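Each remark here refers to the structure printed beneath this line.
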There are 2 protein chains.
Amino acid sequence: MARTAGSHSDITGPRINDAALHLFARHGYAAVSMRQIAGEVGVQAGALYNYTPDKQSLLFTLMKDHLEQLLAARRTAETPSGAMAQLEAFTRFHIRFHLERPDEMFIAYMELRNLTPENFEVIGVLRGQYEDELEGILRTGVTEGVFSIPDTKVATLAVIGMLNGVTTWYRAGGRLSLDQVETIYWDMVRKAMAA
Amino acid sequence: MARTAGSHSDITGPRINDAALHLFARHGYAAVSMRQIAGEVGVQAGALYNYTPDKQSLLFTLMKDHLEQLLAARRTAETPSGAMAQLEAFTRFHIRFHLERPDEMFIAYMELRNLTPENFEVIGVLRGQYEDELEGILRTGVTEGVFSIPDTKVATLAVIGMLNGVTTWYRAGGRLSLDQVETIYWDMVRKAMAA
DNA sequence: GTTTTTTCTGAACAGATGTTCAGATACCGT
DNA sequence: ACGGTATCTGAACATCTGTTCAGAAAAAAC
């Protein structure tokens, strides 16, 4: 046996990424084998190496693509004027973006220690860029006098940590709508930062 | 060769737990082998099985012990009167307790998916007990009129998520003292929940 | 219809994995 | 000094790991 009927790289490629994403998010990078990923796609393990040079690159690409999409989506969003409005936009954007991609987000925040040092460096820079955006908003708000924040670096990580928790409990079609969740979190963020 | 000079279960036992704790926190449960743990202790892999029936029990015991110590420490702490004072006590307690045990905390929140279903159940119950304490405080504060919280369940997870982020950046002897960190976080929590 | 390219299989590789256990040595009570 | 017990070694086990590759079949190009 060899090439299977109907096989196409345009189909198999994305399916491999999807399977890896799903399995990594569910069981963790180290606990998932290449044969498991291949099995989910319906292919032998060797076939994966037509699409990735190794397992590590599979993880790295997933994380890098996600962070680049995150940053790109931020850039296309319009920035309102005033730190308060910017913080609201950031909060709602962050929640919405991540609730639509729970697996990507889970991986981006949980699998950092499974990256090689070089890959970790790259991901760290991208993540830093995103966090810097939030910190910029907070700093602007402090000079504007609308926020009261003793340490903007700590506040940045606190806000992100708080927002990230949402993926641990939110389920689409559950008790709360996406809009309600956004509003609840925005309420807490606003009050926590307010002067 | 066989029993080594100076070997004692009172010494080796804790050393195995310490090594497992440290390695699991640093590299993740699935990425750490029994031989690595044994190597850190200075012993052969087979010797570990005098102290644990298997690798899974090693993880489970670490998590269970940590959560039981957390709950026990909470019980010995005095509870002030009034939801506001209780929330402050909880916040400061949570930060202090976890900053003193960063590895245990890391494991307790990151390795849940590596537990067997039965063990996951047990850990989930313990963790729920702890979170229920916070939610109880929040609910009391709402009826007292000192808190304004649309959804106490969401707020509970938001507060804990925010506080947990502290272990990702805090380093003893760094820019901020433990007391300062406590105060900064308490400020944010207080404002976020305040009526 | 023939050739070229794309896509996959299936077997193989060297090494790592969790776990077991007989036997050897150190320690401890007498 | 001796017997019993506690503690560890070292080898073995079956299985799994990531990865490579020659060859075969399907698809695409001509």
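Note that these values count all heavy atoms, side chains included, but never hydrogens, waters or copies made by symmetry. What you see is a predicted model, and the numbers here were worked out from it, not measured in a lab.
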Pairing of B:Glu111 and B:Lys55 as salt bridge, 4.0 angstrom limit
no
Could you write out each protein N or O paired with an N or O of nucleotides 15-18 of chain C at a distance under 3.5 Å?
residue : atom : partner : partner atom : Å
C:dG18  : OP1  : B:Val32 : O            : 3.4
C:dG18  : OP1  : B:Lys55 : NZ           : 3.1
C:dG18  : OP2  : B:Met34 : N            : 2.9
C:dG18  : N7   : B:Arg35 : NH1          : 2.9
C:dG18  : O6   : B:Arg35 : NH2          : 3.0

By side chain to side chain donor-acceptor pair (under 3.5 Å) - contacts of B:Thr61 (at least two apart):
none
Contact check, residues 9-19 of chain A vs DNA chain C, heavy-atom distance under 4.0 Å, returns A:Ser9, A:Thr12
Summary of side-chain hydrogen bond (donor to acceptor under 3.5 Å, both in side chains) pairs that have at least one residue in residues 64-77 of chain A, sequence neighbours excluded:
A:Arg74-A:Glu133
According to a 4.5 Å side-chain heavy-atom criterion applied to Ile, Leu, Val, Met, Phe, Trp and Tyr, with indirect links allowed, do B:Met105 and B:Phe120 form part of one hydrophobic cluster?
yes
Could you tell me if the side chain of A:Met63 sits less than 4.5 Å from the side chain of A:Leu112, heavy atoms only?
yes
So, using side chain to side chain donor-acceptor pair (under 3.5 Å) as the criterion, who are the partners of B:Thr152 when residues are at least two apart?
B:Glu135
For atom CG of A:Asn50 and atom C1' of D:dC21, their distance in whole Å
11 Å
Does A:Glu100 come within less than 4.0 Å of A:Arg96, counting only side-chain N to carboxylate O?
no
Side-chain contact, heavy-atom cut-off 4.5 Å: B:Trp186 with B:Glu182?
no
For B:Leu48 and D:dC8, give me the distance from atom CG to atom P, rounded to whole Å.
10 Å
Rounded to whole angstrom units, what separation is found between the CD1 atom of A:Ile37 and the C1' atom of D:dT19?
13 Å
For D:dT7 and B:Tyr51 - does any side-chain N or O of the residue sit under 4.0 Å from the phosphate oxygens OP1/OP2?
no
Examine distances only and state if a side-chain atom of A:Arg15 and a backbone atom of A:Val41 form a donor-acceptor pair shorter than 3.5 Å.
yes
Set out, line by line, the N/O atom pairs under 3.5 Å between protein and nucleotides 26-30 of chain D.
residue : atom : partner : partner atom : Å
D:dA27  : OP1  : A:Gly6  : N            : 2.8
D:dA28  : OP1  : A:His8  : NE2          : 3.1

With heavy-atom distances below 4.5 Å as the criterion, would you say the side chains of A:Phe60 and A:Ile123 are in contact?
yes
